[in-house]
Amino acid sequence: MKRNTILKTLTATILGTAALQAQAQGIYVNKKSGESIAYPKAILDKVVPMKSGISVSTYEKGATATLEYEKIADMQTPRIGHQIFPSGDGFVVVGGHTTNFELTSTAEIYENGSWKNISISNPHDGAFSVTLSDGRVMVGGGFSSKNGVGQSKKTDIYNPATKSFTAGPDMSVARGCCKAIAIGDKVYVSGNWYADDKVIDYYDGSTFKSIGDMDGRSNPYMFYDKEGNIYSLSAYDTKGGDFGFYTDDEGDKALTGDVYVVSEDKTYYYRYWLYSQWVPLPLPADARAEDNAYYDGSYNFVVLTKNGDQYLLTEPCPDDNMTYNWNTFEIPSRHPVTDEVITYRGNVYNNAAKGEYYIIGCSGTTTNQTVHIISFSYKEGNYWTIASASGFDHDLMSSSWTLLSDGRLACTGGGIKNNFDAQKTSYIFTPPTAGLVESSSTMDYGVSVYKQDGSNDNYKESELESITTYEEEFDERITQEIPVEYLSKMNAHMPIYSGNTPPNIEGVYLWNPLVLVYDSKNSYPTGHQFDDYISEITNQDMSKNTLDYRDEQISNGSATVPSEKSEAKIVGEGDNFTMFVIPTTKYSDETWVKMASLFSGTKTDDGIKNFYQGFVVLDKGDPNHNFMDIGEFRVVNDQNGMSEPTTWLARQNAARKTDYHVGQDLTRSIMSKRPSVVVKEASLRMEKVKK
């Protein structure tokens, strides 16, 4: 590669010149930190001077912001205690009660800026709603007469394709203040008000039947574990009073919950010892169990709890262990700037696309209220923002809320002072990005590097050392197999030679010590030392420029993990060479990864000097597989600068069957994990007790 320095430092003279045109070569942007960013000609468009104020984004644990919202058209019917759920680009409201606590057997859909009535047979005031596996929504139960008296067994099912309701099957128990959870095409319903709640209503896709042996609770949290066992948890009995606590021989208290074990058709108590202090908040009438869940291989659910004037977001994560650590988030009970006391609703909304929870609270009075929405990141660390908006003239805590398909929150209805003054008012709130803080810096100078896809990267003068060009002279036999963009990036960390007259490099060579030069995924720090390796190169065909390659890992003086022999290609001239091989690796879970491995060095009488190996991921069968992503690469080399001749140490064992490929263990694939969002840890003791 030829490098030509065209810019030693960025000066006013350079910034005052015309924009640099698209380069015939690639460029390196060399930073004072020592990092060099390659822009190969395959992606580079142009380099232009930059002179502007730059908006800098940072993230904080506890940022504050103004809550953005819009007041949309009023509903046609005032409502409190109604169900609400998204439908396409809009949302649907169902039932509830209206002015003077009169039940309303109506439903409406909001779309394209207006409301339209939908025919429905039952009022469903204080009911449940749950999404079925086919996308339809079941609404069920609720009170059957004015002032919350009597319960209903009725269900109705909404079809988003036709935007209409049809009657569903009756439940086995009449219920109000109930909740439901769906697993596939099955639905489990629990909870009641001033009535027995001794069973779960189980919907098998066609009819309901009673299962289990439950204790009565109002508006319970519903969740399930990876085995499909059903949990019901609430700190409040069917009369709205405190649920009884279990006390052991040492005087320790635990809140009991129920678990229905599907495989045994039996119900057990679960004793949650932490909940004797951090009591779960009551769920509002519109709460949906699916809102309080995220999916990462098995459903996980969150519970909002309170201890005095403190709030804690917890993950119940049921299992049979006696002790358990939770990921938790301590929620501010006062606004960090205004010091207003905030009261929170019990349900939490999960925006899975952004990896954020939304928690809703209010302060002030019911006729002059401030709404606060906390956005909390559970994937990107424990960043969070609280955004506030003031001046609402009725109680939005009694409104019904839902998360829309675009990540905003819809809020409808509610009362002013009590359950008799239902409102038509509707809003859509835009939750803030968790922890995001934007500040505008002063005028800055530098360069913008534009790429052919229209995107650009900005570099400030203060961080730049130089910009250099390079001519890309990669051998076409390599570029036919590996994109030039990848080669350019790797070439910044290892030589890649060209030519038709490479040296004969047959032999067996020791890599010691084998160290990391660069890892684009940052799985390991630069300089990390791996186990020693031995490379065996045989059957080099000087006319076809091919050879056979295999290697073995050395541990405690013995060979382990020998690779299968693979045919490689070699290019170069004089004593310099680059050989490459492109294997496809299959894993035990039937996924596969296609990689290109390149080896470069200089042949000498003493061995191979400056022996480098780099690999880059070209393709993989599952884009979500935890191995490195497409285009990510790693470079290692023999740190002492010379790979000496040695002997092959592998002791082949017929019982060992491997599918290792060239240099596979050099990749050291790191399986990704969901980043921890632990802000505070609490120990939880659980017991499963037979009833």
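These numbers come from the heavy atoms of this one structure, side chains and all, not from hydrogens, waters or symmetry mates.
Note: Leu283 CG to Leu304 CG = 9.5 Å, rounded to the nearest 0.5 Å.
Between the side chain of Asp519 and the main chain of Ser523, a donor-acceptor pair closer than 3.5 Å is present. The backbone N or O of Val48 lies less than 3.5 Å from no partner atom in the side chain of Ser448, so there is not a single donor-acceptor pair. Distance alone, capped at 3.5 Å, is enough to place a donor-acceptor pair between the Gln83 side chain and the Ala285 backbone.
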Exercise. Show your working on salt bridge (charged side-chain N to carboxylate O under 4.0 Å, His left out) between Lys163 and Glu111 and close with a plain yes or no.
Key: CA-CA 11 Å; Lys163 300 177 184 178; Glu111 57 183 1; 2.9 Å; yes
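Screening residues 368-378 for salt bridge (Lys or Arg N to Asp or Glu O under 4.0 Å) gives no qualifying pairs among residues at least two apart or on separate chains.
A pairwise comparison of heavy atoms in Leu44 and Tyr450 identifies CD1-O, 3.7 Å as the closest pair.
Trp115 and Phe91 have perpendicular rings, their planes meeting at more than 60° on a 0 to 90° scale where under 30° would count as parallel. Aromatic ring orientation, Tyr69 versus Tyr427: perpendicular (interplanar angle above 60°, classes split at 30° and 60°).
The ring of Phe633 has its center closer than 6.0 angstrom to the ring center of Tyr518. Taking the six-membered ring where the residue is Trp, the centroids of Trp401 and Phe429 are separated by under 6.0 Å.
The side-chain hydrogen bond (donor to acceptor under 3.5 Å, both in side chains) search around Thr366 returns none, not counting sequence neighbours. With sequence neighbours excluded, no residue forms a side-chain hydrogen bond (donor to acceptor under 3.5 Å, both in side chains) with Ser218.
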